[in-house]
Amino acid sequence: MKRAALIGDPVAHSLSPVMHNAAFAAIGIDATYELWPTSLAELPGRVRSIDPRGILGVNVTVPHKQAVMPLCDDLSETARRIGAVNTLILNDGWITGDNTDAYGFTRTLHTVRAGSFDENALILGAGGAARAVAVALVEAGAPAVTIVNRTRSRADALVETLRDAGVAGIGALDWDALPRSVGDVGVFVNATSIGWHGDEMPVERHVIDVLNPECVVIDLTYRDTALLRTVRERGLIATDGLPMLIHQGARALELWTGRQPPVDVMTRAVLDEQARRAA
Ligand code: NDP
């Protein structure tokens with residue numbers, strides 16, 4: 001039996017084992033998905049210890065998506081553009097760092113915006129997830145992507161590194177500019193870590209009130225957040241981050257195995273696990 005694993009800190013609450021183990025069983029792959037909690041100090045040793053004879057593939061999550069990059073033998077073009085790695089692909093001991101988060105986001109975008117896409121977008125947040133989302137939106141066809149972050153300097157730094165990586169059409173604005181900046185955006189993304197607890201909201205209600213009625217809202221949090229409830233009350237189309245989670249995992253599975261991922265099975269497994277945890 002082979003093993004796959006998630007490297008991060010913390011990883012205990014990850015849905016990835018349930019999602020991937022269901023997929024392995026459904027497509028007849030003799031493998032099990034494990035959690036490898038790993039501190040930053042342990043990361044180089046952890047990556048060096050990956051034995052391709054026993055390991056099918058590895059995912060990497062917070063806070064190591066950037067720290068793992070120099071530990072890879074090479075990087076995919078996508079990982080290079082995004083500036084982060086969430087998937088390690090093993091070929092005869094050679095480790096390629098790839099990134100499937102942008103793919104997961106693009107698939108999510110298409111669930112709420114079918115067909116061709118040419119709308120301006122605004123991303124709240126400038127962390128690792130925002131990087132992948134910005135690249136996905138530009139590649140999907142957004143003429144302009146604006147990053148708005150609590151810490152403005154972090155938004156500016158993100159814009160600069162993406163420009164250096166050849167990703168055009170990205171800019172940053174002050175948080176205070178939000179109410180007058182959201183009126184013409186077609187996609188509004190919450191990529192902050194606000195939304196996991198109770199009714200916390202990443203923005204104030206008056207910002208939601210000035211969103212264009214045609215705007216779609218994507219909250220990367222994978223629960224029914226106050227943001228999602230509020231925008232749906234206004235009649236806007238909105239989705240949480242669960243499809244992104246599932247599709248990034250499905251793409252990783254495809255890269256590791258060359259097999260068609262059983263997305264329906266993976267979705268069912270994740271929804272069942274969420275229901276079990278909520279009970
Ligand atoms: P990071 O820690 O890298 O970034 C967190 C971001 O949230 C920063 O921009 C930070 O701003 C902002 N933030 C934190 N607290 C506040 C606050 N009180 N008010 C305003 N902004 C705040 O996290 P990630 O980018 O990795 O993840 C962001 C979110 O996306 C998380 O909820 C994560 O679970 C989710 N995610 C979902 C995925 C999916 O598949 N659905 C995939 C990856 C992530 P500042 O710079 O000012 O600190």
Side-chain angles (χ1 to χ4, degrees), residues 6-16 18-20 40 59-68 79 82-87 99-109 111-112 122-137 145-162 170 172-178 188-204 207 217-228 238-253 263 266-267 270-271 273-274:
L6 176 65
I7 293 175
D9 186 19
V11 286
H13 291 91
S14 170
L15 292 164
S16 292
V18 160
M19 177 170 75
H20 282 289
L40 186 58
N59 288 130
V60 181
T61 189
V62 280
H64 301 322
K65 288 183 184 181
Q66 287 175 273
V68 79
I82 294 171
V85 159
N86 81 327
T87 301
N99 190 308
T100 65
D101 283 333
Y103 173 88
F105 180 82
T106 305
R107 292 293 302 258
T108 307
L109 179 65
T111 64
V112 284
L122 189 143
I123 304 170
L124 283 182
R131 301 175 79 91
V133 169
V135 170
L137 284 163
V145 175
T146 304
I147 313 272
V148 178
N149 193 47
R150 176 180 62 175
T151 311
R152 169 69 196 253
S153 57
R154 221 175 152 201
D156 290 335
L158 175 54
V159 170
E160 203 177 312
T161 55
L162 288 174
I170 306 205
L173 276 179
D174 280 347
W175 191 270
D176 294 346
L178 268 176
F188 180 85
V189 182
N190 176 31
T192 73
S193 36
I194 301 300
W196 286 106
H197 308 289
D199 285 340
E200 62 183 9
M201 285 268 279
V203 285
E204 292 179 41
V207 175
V217 175
I218 301 175
D219 191 339
L220 301 197
T221 319
Y222 27 95
R223 69 189 281 262
D224 185 31
T225 62
L227 172 66
L228 291 170
T239 183
D240 67 24
L242 200 65
M244 176 171 169
L245 175 81
I246 292 162
H247 285 293
Q248 64 75 30
R251 178 73 184 137
L253 183 82
V263 173
M266 297 167 86
T267 304
V270 167
L271 290 174
E273 178 64 10
Q274 279 190 318

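All ligand and atom numbering here is 1-based and tracks the order in the structure.
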Residue, atom and distance of the protein heavy atom nearest atom 42 (C) of ligand 1 read M244 CE, 3.8 Å
Applying side chain to side chain contact (heavy atoms under 4.5 Å, CB included) to Q274 and L242, what does each step give before you reach the verdict?
CA-CA 11 Å; Q274 279 190 318; L242 200 65; 3.8 Å; yes
May I ask whether atom 48 (O) of ligand 1 is less than 4.0 Å from at least one protein heavy atom?
yes
Which heavy atom in M19 sits nearest to a heavy atom in V270, and how many Å separate them?
CB-CG2, 3.6 Å
Students should be able to answer this: which protein heavy-atom is nearest to atom 14 (C) of ligand 1, and at what distance?
S193 OG, 3.2 Å
Once rounded to the nearest 0.5 Å, what's the spacing between atom CD of Q248 and atom OG1 of T61?
8.0 Å
Kindly indicate whether atom 2 (O) of ligand 1 is approached by any protein heavy atom to under 4.0 angstrom.
no
Among all protein heavy atoms, pick out the one at the shortest distance from atom 32 (O) of ligand 1; state its residue, atom name and that distance to 0.1 Å.
W196 NE1, 2.8 Å
If you take the nearest heavy atom of each of N149, T192, T221, which one is closest to atom 10 (C) of ligand 1?
N149
Ligand-residue contact atoms, ligand 1 with V62, heavy atoms, under 4.0 Å
26 (O)
We want to know whether D240 and T225 form a side-chain donor-acceptor pair, criterion being a heavy-atom distance below 3.5 angstrom.
no
Spacing of CE belonging to M266 relative to NE2 belonging to H247, to within rounding of 0.5 Å:
9.5 Å
For G104 and ligand 1, answer yes if some heavy atom of the residue is under 4.0 Å from a ligand atom, otherwise no.
no
If we only count N/O pairs under 3.5 Å, is A130 in contact with ligand 1?
no
Quick one: do L122 and L178 satisfy side chain to side chain contact (heavy atoms under 4.5 Å, CB included)? Show the steps, please.
CA-CA 9 Å; L122 189 143; L178 268 176; 3.9 Å; yes
shortest atom 27 (O) of ligand 1-to-protein heavy-atom contact is with A129 CB, 3.8 Å
List ligand 1 atoms under 4.0 Å from I194, heavy atoms only on the residue side.
15 (N), 16 (C), 17 (C), 18 (N), 19 (N)
Please report the closest heavy-atom contact between G83 and Q66, naming both atoms and the distance.
O-CG, 3.2 Å
To the nearest 0.5 Å, what is the distance between CG (L245) and CG (D101)?
9.0 Å
Atoms in ligand 1 with a heavy atom of G125 nearer than 4.0 Å
9 (O)
Using a 4.0 Å cutoff against the non-hydrogen atoms of Y222, which atoms of ligand 1 qualify?
39 (C), 41 (N)
Of T221, T192, V148, D219, the residue whose pairing with P202 passes side chain to side chain contact (heavy atoms under 4.5 Å, CB included):
T192
Shortest protein contact, atom 4 (O) of ligand 1 (heavy atom only)
G127 CA, 3.5 Å
For the 3.5 Å polar cut-off, considering only N or O atoms, please tell me whether A126 and ligand 1 meet it.
yes
Nitrogen or oxygen of R150 less than 3.5 angstrom from that of ligand 1:
yes
Below 4.0 Å from ligand 1: does a non-hydrogen atom of P202 turn up there or not?
no
Of all protein heavy atoms, the one nearest atom 37 (C) of ligand 1 is L220 O, 3.4 Å
Return yes or no for this condition: an N or O of R154 is under 3.5 Å from an N or O of ligand 1.
yes
For the NE2 atom of H20 and the OG atom of S14, what is their distance to the nearest 0.5 Å?
8.0 Å
Heavy-atom closest pair (N149 atom, A126 atom, distance to 0.1 Å) is OD1-N, 3.2 Å
Measuring from I123:CD1 to I147:CD1, what's the distance to the nearest 0.5 Å?
4.0 Å
Return the closest protein heavy atom for atom 28 (C) of ligand 1 as residue, atom name and distance.
A191 O, 3.3 Å
